[in-house]
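Every number for a ligand or one of its atoms is a count from 1 in the order of the listing. All residue numbers in this chain count up from 1 along the given sequence.
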Amino acid sequence: MNHALSHGLQGWLDEHAESLDTESRLAPEVLPRLADEGLFRIGVPAACGGSNGDARDAIEAMTAVAEHSLSAAFVFWGQRVFIEYLLHSPNAALRERWLPDLLAGRCAGASGLSNAMKFLSGIEALQVTATPATSTNTAGAPTIAPHPAASSSWQLDGRVPWATNLQPGAFIVAIAVAARDGGAPMIVAVPHDRPGVSRSADLDLIALRGTRTAALTITAAPIDDRDLIHADAPAFLPHQRPVFLAMQCTFAIGLARRALAAAEAVGGAARPVLEAPIRTLRRTLTETVDALHAGLADQRFVTQAAELFKLRIRLADIVQQAVLFELQASGGRAYHRDQPLAFARHWREAAFIPIVTPSLTQLQGELLKHGAQSAVAAAPA
Ligand SMILES: Cc1cc2nc3c(=O)[nH]c(=O)nc-3n(C[C@H](O)[C@H](O)[C@H](O)COP(=O)(O)OP(=O)(O)OC[C@H]3O[C@@H](n4cnc5c(N)ncnc54)[C@H](O)[C@@H]3O)c2cc1C
């Protein structure tokens, strides 16, 4: 299953991939170009404004973009996972309010849920709190009054240290918030113009600089139940995790395919030595992608998360190896800035794969825990 991008989009991404990685000049163009190609509608039911298919179709399209530019693929990811949260939210009014603009690329969707993923694994506390509007805040002052159309209202305070696709003046971001009244943590959708929401400048990153990645500071921002994606984050997130993680896998798959193609395209003395290992790695990549699609099709990752964790770890290994083959095939030419090679960018893009949450070390930690739990369960009483 491969998604074919139009020649126009492929050409634009190839021409500007370097710029999208090293500067933010073209950042405003990415979202509209992906939207014009209809990419955000893939895997979205026609009844919701989409072009049907399922998440696997969206994953193939995202992979196709990642083959050309990881920055563009990451913007695609932010937009598409936010759309996925809305599709599975019980809040139909929220979905109807935001989906048309998100599908058309008029509004940018962002997922600030790294913190929530770490929270679910017991790694860190939630960094944004929700104080019921009827109570007092930490300074003892009364909080905002509830909106007449809302049955519950809160005040948000905290920080989102990272979120990608925060297009200035036109974004909505999903964040997890801890309820100060002792209720379950919630997932809320916070638009850019909500009072108390302040976006930092784009973060000063070593790569992926065209992704509109920034931090948010949230001070006494009013929200109510009309902004709720889900009232119970621990119940909602495990069901979203397979698609969230599988969409992250597209970065490794697309980049590995491109690096392997580049390694194969280089002639020279290394070719006979690298030919067989490249073929083997390509086969492993294909098998891993097939396993990913199979697990998504039968939904086994919802209950067997460890299997998906292993696939993402394997893909992270594959992409590092693929970029290394590209370097070895190219030799010293890879070090020349005046050569038409994309190696240096591929190397920087590959550096992102192990650290995006859930990071490789977190996934390995989860597998160790899982192994320990299985061992305890299997031990004789
Ligand atoms: C370009 C870019 C874009 C990003 N976009 C987004 C976004 O859109 N949304 C979003 O939510 N986040 C985003 N992030 C954040 C990203 O997903 C990671 O959360 C972040 O890079 C890791 O945070 P940290 O280094 O502060 O981790 P730290 O908590 O400081 O940890 C440092 C290292 O230790 C590891 N570690 C920490 N605790 C454990 C543990 N208990 N077990 C095993 N390993 C552990 C971490 O994985 C990390 O490798 C982005 C990051 C980058 C670089």
I'd like the residue list for ligand 1, meaning every protein residue with a non-hydrogen atom under 4.0 Å from the ligand.
F74, S111, G112, L113, S114, K118, I123, W162, A163, T164, L205, L208, T213, F352, I355, V356, T357, S359, T361, Q362
Taking only distance into account, with no hydrogens and no angle test, what donor-acceptor pairs under 3.5 Å do side-chain atoms of residues 160-174 form with protein atoms, sequence neighbours excluded?
residue : atom : partner : partner atom : Å
T164    : OG1  : T213    : OG1          : 2.8
N165    : OD1  : Q167    : NE2          : 3.0
N165    : ND2  : Q79     : OE1          : 3.0
N165    : ND2  : G109    : O            : 3.0

Centroid separation under 6.0 Å, is that true for the rings of F82 and W98?
no
Non-neighbouring partners of T288 that pass side-chain hydrogen bond (donor to acceptor under 3.5 Å, both in side chains), sequence neighbours left out
R314
So, K369 and E366, do they make that salt bridge, N to O below 4.0 Å?
yes
Give me each pair satisfying ring-ring contact (aromatic ring centres under 6.0 Å, His included) with a member in residues 256-286, each pair once, sequence neighbours excluded.
none
Under 4.0 Å between a Lys/Arg side-chain N and an Asp/Glu carboxylate O for D21 and R209?
no
